[in-house]
Amino acid sequence: MTQADQMRAATGSVSFGFRDVAPEEKTARVAEVFSRVARRYDLMNDLMSGGMHRAWKDRFVSRVRPRAGEEILDLAGGTGDIAFRLARSGARVVVADINPDMLKVGEERARRRGIRGLSFVEANAEALPFATGRFDAVTIAFGIRNVTHIDRALQESYRVLDWGGRFYCLEFSTTTWPGFARLYDLYSMEVVPRLGAAVARDAEAYRYLVESIRRFPPMDTFSGMIRDAGFSRVTATPILGGAVAIHAGWKI
Ligand code: SAM
């Protein structure tokens, strides 16, 4: 346990970017961040990642292997990027997100693109309003690090999965490529907040996004948390040396 982890354990605080705050404050602040960026979220994703997030999401969904007739929950689904890809298979997809502003953008995009088979539900990943064993798969992309109690969200994901169901998580992690790590540091701490200021007129929101990436546990720690929630056959697949990772686990 790091010193920061010990402090959090002692005070019950959680991380909000580089700061430690009370759990309720994190939930409220994350909500505020995503409400502020919702309208420019998709454009900013393209700018910040140089369009790479599209390839990561394609790869992620190909790992999930959605099939027609399945029911899939896309947690923290936001503006629908993962759900739209999942729905191409003919699977029914429930997009659940705590933030109504992000969901609204997602619903409008789905309507404009004529994507069917989706439903949008306002829900907290920590306390899902779905029956135990309902889903064939649960996905969460770039969402878990924003959740206040990650362990609860993992336990809920496990609960709503059917036996034999699969969990897939796409998230920023820690790259092990030394040269790239330095460049990536410089880019994310210096360039991303400036891009946020210029395009979304919100440097602070994008500073939070970068800081929350830094505070997220490395691949092996997060794999352990997935196992602790009950999942078996847990794997972690690094992308860009681990700057991004796909974690998977099974309810078997
Ligand atoms: N999955 C989408 C994607 O890949 O583009 C959106 C990711 S966005 C970075 C993070 C999302 O997590 C936001 O839409 C936010 O509202 C949602 N979120 C944060 N905390 C949550 C929670 N406790 N339960 C459900 N969604 C949450």
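Start at 1 and go down the list; that is how both ligands and their atoms are numbered. Model, not experiment: these values are computed from the prediction.
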**OP:** State whether the shortest distance between N or O atoms of A141 and N or O atoms of ligand 1 falls below 3.5 angstrom.
**Re:** yes
Original post:
With a 4.0 Å cut-off on heavy atoms, does A123 reach ligand 1?
Top reply: yes
Subject >> Non-hydrogen atoms of F142 and R145 that approach each other most closely >> reply: O-NH1, 3.7 Å
Original post:
At what distance, to the nearest 0.5 angstrom, does CZ of R159 lie from OG1 of T132?
Top reply: 4.0 Å
**OP:** Please could you name the atoms of ligand 1 that N124 approaches to less than 4.0 Å, counting only its heavy atoms?
**Re:** 22 (C), 23 (N), 24 (N)
Original post:
Ring centroid separation for F167 and Y158, is it under 6.0 angstrom?
Top reply: no
Original post:
Within less than 4.0 angstrom of ligand 1, does H53 place any heavy atom?
Top reply: no
Subject >> W177 and Y184: CA distance, side-chain angles, deciding distance, side chain to side chain contact (heavy atoms under 4.5 Å, CB included) verdict >> reply: CA-CA 10 Å; W177 293 345; Y184 180 68; over 6 Å; no
Original post:
Which protein heavy atom lies closest to atom 19 (C) of ligand 1, and at what distance to 0.1 Å?
Top reply: N146 CB, 3.7 Å
Subject >> Validation row, ring centre F216 to ring centre F222 under 6.0 Å >> reply: yes
Subject >> Ion pair check, R109 and D42, cut-off under 4.0 Å >> reply: yes
Original post:
Against heavy atoms of F142, which atoms of ligand 1 measure under 4.0 Å?
Top reply: 4 (O), 7 (C), 8 (S), 9 (C), 10 (C)
Original post:
Can you find a side-chain donor-acceptor pair between Y208 and N146 that sits under 3.5 Å?
Top reply: yes
Original post:
Would one find an N or O of V30, backbone or side chain, under 3.5 Å from an N or O of ligand 1?
Top reply: no
Original post:
Are E156 and R152 ion-paired here, with the side-chain N under 4.0 Å from a carboxylate O?
Top reply: no
Subject >> Nitrogen or oxygen atoms of R145 and ligand 1 under 3.5 Å apart >> reply: no
**OP:** Closest by any non-hydrogen atom to atom 11 (C) of ligand 1: pick that one out of L103, I150, D97.
**Re:** D97
Subject >> N-O pairing of R39 and E108 below 4.0 Å >> reply: yes
Original post:
Which of the atoms in ligand 1, numbered in the order shown and given with their element, are less than 4.0 Å from a heavy-atom of M102?
Top reply: 14 (O)
**OP:** In plain terms, say whether D101 and R36 are close enough for a salt bridge, that is, a side-chain N and a carboxylate O under 4.0 Å apart.
**Re:** no
Original post:
Less than 3.5 Å between some nitrogen or oxygen of D74 and one of ligand 1, yes or no?
Top reply: no
Subject >> Protein heavy atom at shortest distance from atom 24 (N) of ligand 1 >> reply: A125 N, 2.8 Å
**OP:** Tell me which protein heavy atom sits closest to atom 18 (N) of ligand 1, plus the residue, atom name and distance to 0.1 Å.
**Re:** I98 CG2, 3.8 Å
Subject >> N or O contact, Y41 vs ligand 1, cut-off under 3.5 Å >> reply: yes
**OP:** Determine, considering heavy atoms only, which of A76, A127, G143 sits nearest to atom 2 (C) of ligand 1.
**Re:** A76
